[in-house]
Novice: 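Please see the structure below; I have some questions.
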Amino acid sequence: MKRFLTGLQPTGCLTLGNYIGAIKQMVKYQEEFDSFIFIADMHAITIPKDPEKLRKDVRDLVAIYLACGIDPNKNTIFIQSENIYHANVSWILECNTPYGQLGRMTQFKDKSQKHENFMAGLLTYPILMAADILIYDTDCVPVGKDQKQHVELARDIAESFNKRFGKDFFKVPEPLIPEEGAKIGDLLDPTKKMSKSAENPKGVILLLDSEKDIRKKIMGATTDSEMCVRYDPENKPGISNLITIYHELSGLSVKEIEEKFKDANYGTFKTAVADCVVATLNPIRQRYEELINSEELDKILDAGRDKTLEIAKKKYEELKEIVGLKR
Ligand code: ATP
Ligand code: LTN
C-alpha cells in the first residue's frame with residue numbers, strides 16, 4: 001500500500017468549502033493509502049501566534065477532522081512538535097540545501113513582504129516540510145497550488161542528498177494532484193471562493209456553526225431575479241453555488257436537482273439546501289463536542305506520536321550514520 005502524508009496548519013475553524021473541497025477527498029484517500037496526517041504546529045509558529053490560541057486551534061483541528069470522518073484506524077494522526085525527529089532531520093537537511101533555493105520560494109517571497117521583521121523560520125519553512133515528508137519514506141503528498149513548489153523542493157533535496165552520499169536513502173515523493181473538486185463560493189459574493197478569511201462572516205458557513213446560523217446564512221444567500229432553479233454559473237452564480245452545495249452533499253445530480261425544484265420558489269429551494277447542510281453538519285458538530293475534551297482524542301494522538309517516533313527514530317539514526325554524526 002502506498003504511503004500518503006499531509007500536514008495541516010492549525011488555523012481555526014474550517015468552512016463548508018474546506019469540507020467539500022478537501023476533507024471529503026481525504027476521507028476517500030484513507031481507503032486507498034497508508035495515510036499519515038499531522039498537525040503542522042511547528043510551521044504555524046513561523047508567523048507569531050498567541051500560545052493559548054495555538055494550543056486551542058491544534059486540538060480543535062484534530063477533533064474536527066475526526067468528526068468529519070477521518071478514521072484513526074485507517075490513518076496515523078499526530079502532532080508535528082510531539083515528534084522531536086522532525087526538527088532534527090530538518091537541521092541535517094538545512095545543511096544540505098543551498099541557501100539560494102529558499103529565497104526563490106513563492107510563499108517566502110509573499111510572506112516576507114507582508115510581515116515586517118520576519119523570522120528566519122519563514123525562510124527555512126520548506127526544509128522542515130521536506131523533513132516531514134522524507135522521514136516517512138512517503139510515496140505521495142497531496143498538493144494544492146500554494147504548496148506544490150515546496151513538494152518539488154523536497155524532491156530536489158532527496159535527489160541531491162542521495163546523489164551526494166551515493167545511496168537511495170530518501171524516497172523521492174510524488175505530488176498527488178487531487179481531482180478537481182467542487183469550488184464553493186461565498187454565499188454573499190458567489191464569484192469569490194468561500195474562505196475563512198472573508199471580510200463578511202455571513203457569506204461563510206463554518207463547520208461548527210449552529211443550526212440557526214447555518215439556516216440564517218443560507219436563507220440570506222445572494223440569488224437573482226429569474227426565480228428559476230437552474231445551473232448557470234455565469235449568469236446565476238448564487239443559485240448555481242447553492243445547487244453545487246446541494247449536489248455535493250445530497251449526491252443528487254444537477255439535472256435531478258433542477259427537475260426536483262422546477263416549480264419551487266427560491267425560498268423553498270433555500271430551505272431544502274439548508275436542511276441538507278444541517279443534516280451534514282449537525283452530526284459533525286455533535287461528534288466534535290464529544291471529542292474535544294475527551295480522553296479518546298488524547299489516546300489517538302498518543303498512539304500517533306508513539307508510532308511515528310519509532311519510525312522517525314530509525315530513519316534519523318541511519319541519517320546520522322550516513323552524514324558522520326555517529327561515533
Ligand atoms: P484562507 O482563508 O486562509 O485562504 P481557506 O479557507 O481559503 O483559507 P485553504 O487553507 O486555502 O482554505 O485551503 C485548504 C483546502 O481547502 C484546500 O485543499 C482548498 O482547495 C480547499 N478549499 C478551501 N476553500 C474552498 C472552497 N471555497 N471550495 C472548495 N475547496 C476549498
Ligand atoms: N505547508 C503546508 C503544511 C505542511 C505539509 C507538510 C503538507 C507542513 N508539512 C508536509 C504536506 C506535507 C501548508 O501550509 N498547508
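Note that ligands are numbered from 1 as they come in the structure, with each ligand's atoms numbered from 1 the same way. This is a predicted model, so every value here is computed, not measured.
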Novice: Can you check ring pair (Phe, Tyr, Trp, His ring centres under 6.0 Å) on H150 and Y125, steps first, answer last?
Specialist: CA-CA 9 Å; H150 292 162; Y125 176 118; 5.5 Å; yes
Novice: Heavy atom of I20 under 4.0 Å from ligand 1?
Specialist: no
Novice: Check each atom of ligand 1 against the heavy atoms of A182 and keep those under 4.0 Å away; list them by number with element.
Specialist: 28 (N), 29 (C)
Novice: Quick one: closest heavy-atom pair of L66 and P72, and the distance?
Specialist: CD2-CD, 3.9 Å
Novice: Taking 4.0 angstrom as the limit and counting only heavy atoms of H43, give me the atoms of ligand 2 inside it, by number and element.
Specialist: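 Under 4.0 Å from H43, ligand 2 has these atoms: 8 (C), 9 (N).
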Novice: If we set the cut-off at 4.0 Å for heavy atoms, which region of I133 has an atom near ligand 2: side chain, backbone, both, or neither?
Specialist: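 Near ligand 2, I133 shows its side chain, while the N, CA, C and O stay back.
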Novice: Considering only protein heavy atoms, which is closest to atom 28 (N) of ligand 1, and at what distance to one decimal place?
Specialist: I184 N, 2.9 Å
Novice: Short list, please: which atoms of ligand 1 are under 4.0 Å from a heavy atom of S197?
Specialist: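 Those of ligand 1 that fall under 4.0 Å from S197 are 1 (P), 2 (O), 3 (O).
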Novice: Honestly, is K315 close enough over F169, meaning NZ or CZ under 6.0 Å from the six-membered ring centre and within 45° of the axis?
Specialist: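 The answer is yes; both the distance and angle limits are met.
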Novice: Using a 4.0 Å cutoff against the non-hydrogen atoms of L5, which atoms of ligand 2 qualify?
Specialist: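 Result: 10 (C), 12 (C).
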Novice: Quick one: do V141 and I39 end up in the same hydrophobic cluster if we chain Ile, Leu, Val, Met, Phe, Trp and Tyr together by side-chain heavy atoms under 4.5 Å apart?
Specialist: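 No, no single cluster joins them.
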Novice: Looking only at non-hydrogen atoms, find the nearest pair between F170 and N162 and report the distance.
Specialist: O-ND2, 2.8 Å
Novice: In ligand 2, which numbered atoms sit nearer than 4.0 Å to a non-hydrogen atom of V141?
Specialist: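 Contacts of ligand 2 toward V141, numbered from 1: 11 (C), 12 (C).
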Novice: P237 and P190: which non-hydrogen atoms are nearest, and at how many Å?
Specialist: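 Closest heavy-atom pair between P237 and P190: O-CB, 3.7 Å.
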Novice: Below 6.0 angstrom between ring centroids: does that apply to H86 and F78?
Specialist: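 They qualify: ring centres under 6.0 Å apart.
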Novice: For T6, is at least one N or O under 3.5 Å away from an N or O on ligand 2?
Specialist: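 Between T6 and ligand 2 (N or O atoms, distance only) the closest approach is not under 3.5 Å.
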Novice: For ligand 2, indicate whether the residue Q147 contacts it via side chain, backbone, both or neither (heavy-atom separation under 4.0 Å).
Specialist: side chain
Novice: Given N18, I23, T244, which one has a non-hydrogen atom that is nearest to atom 13 (O) of ligand 1?
Specialist: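 Comparing heavy atoms across N18, I23, T244, the nearest one to atom 13 (O) of ligand 1 lies in N18.
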Novice: Please write down residue, atom name and distance for the protein heavy atom closest to atom 30 (N) of ligand 1.
Specialist: G17 O, 3.1 Å
Novice: Which heavy atom of I23 sits nearest a heavy atom of C68, and at what distance?
Specialist: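 That closest heavy-atom pairing would be CG2-CB, 3.6 Å.
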Novice: Among protein heavy atoms, which lies nearest atom 7 (C) of ligand 2, and at what distance?
Specialist: G7 N, 3.3 Å
Novice: Using a strict cut-off of 4.0 Å, indicate which atoms of ligand 2 neighbour a heavy atom of Q9.
Specialist: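 Under 4.0 Å from Q9, ligand 2 has these atoms: 13 (C), 14 (O).
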Novice: Go through ligand 1 atom by atom and flag the ones less than 4.0 Å from a non-hydrogen atom of K196.
Specialist: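 The atoms of ligand 1 under 4.0 Å from a heavy atom of K196 are 2 (O), 5 (P), 6 (O), 8 (O), 10 (O), 12 (O).
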Novice: Closest non-hydrogen protein atom to atom 6 (C) of ligand 2, residue and atom name please, with distance?
Specialist: M129 CG, 3.4 Å
Novice: Taking all atoms of both residues into account, what is the closest heavy-atom pair of L301 and E82, and its distance?
Specialist: O-OE1, 4.4 Å
Novice: Should we say atom CE of M119 is surrounded by more than 12 heavy atoms from elsewhere, each under 6.0 Å from it?
Specialist: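 Not more than 12 within 6.0 Å, no.
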Novice: Could you pull out, from G185, A198, S195, A22, the option with a heavy atom nearest to atom 4 (O) of ligand 1?
Specialist: S195
Novice: For side chain to side chain contact (heavy atoms under 4.5 Å, CB included), just list the numbers for V278 and R215, CA-CA rounded to whole Å, side-chain angles, deciding distance to a tenth of an Å, and then say yes or no.
Specialist: CA-CA 8 Å; V278 164; R215 290 190 183 279; 4.1 Å; yes
Novice: Identify, by atom number and element, the atoms of ligand 2 in contact range of Y125, meaning under 4.0 Å from any of its heavy atoms.
Specialist: 1 (N), 2 (C), 13 (C), 14 (O)
Novice: Tell me whether the rings of Y29 and F4 are parallel (<30°), tilted (30 to 60°) or perpendicular (>60°).
Specialist: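 The rings of Y29 and F4 sit tilted, inter-plane angle from 30° to 60°.
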Novice: Under a 4.0 angstrom heavy-atom cut-off, which atoms of ligand 1 come close to G21?
Specialist: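 The atoms of ligand 1 under 4.0 Å from a heavy atom of G21 are 29 (C), 30 (N).
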Novice: Starting from atom 11 (O) of ligand 1, which protein heavy atom do you reach first, and at what distance in Å?
Specialist: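 Result for atom 11 (O) of ligand 1: K193 NZ, 3.6 Å.
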Novice: Could you list which atoms of ligand 1 come closer than 4.0 Å to a heavy atom of K183?
Specialist: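 The list of qualifying atoms is 20 (O), 28 (N), 29 (C), 30 (N).
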Novice: Geometry only, no angles: is H150 polar-contacting ligand 2 at N/O separations under 3.5 Å?
Specialist: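 Checking ligand 2 against H150, no N or O pair falls under 3.5 Å apart.
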Novice: Under 4.0 Å and counting heavy atoms only, is there anything from the protein next to atom 19 (C) of ligand 1?
Specialist: no
Novice: Can you tell me the protein heavy atom closest to atom 9 (N) of ligand 2 and the distance?
Specialist: D132 OD2, 2.7 Å
Novice: Do the side chain of K192 and the main chain of A198 share a donor and acceptor less than 3.5 angstrom apart?
Specialist: no
Novice: Under a 4.0 angstrom heavy-atom cut-off, which atoms of ligand 2 come close to A40?
Specialist: 8 (C)
Novice: When you group the ILVMFWY residues by side-chain heavy-atom contacts below 4.5 Å and let the links chain together, are L134 and V323 in the same group?
Specialist: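 Same cluster.
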Novice: Report the C-alpha separation of F161 and F165 in whole Å, then their side-chain angles, then the decisive distance to 0.1 Å, and conclude whether the ring pair (Phe, Tyr, Trp, His ring centres under 6.0 Å) test is met.
Specialist: CA-CA 6 Å; F161 185 95; F165 293 97; 4.5 Å; yes
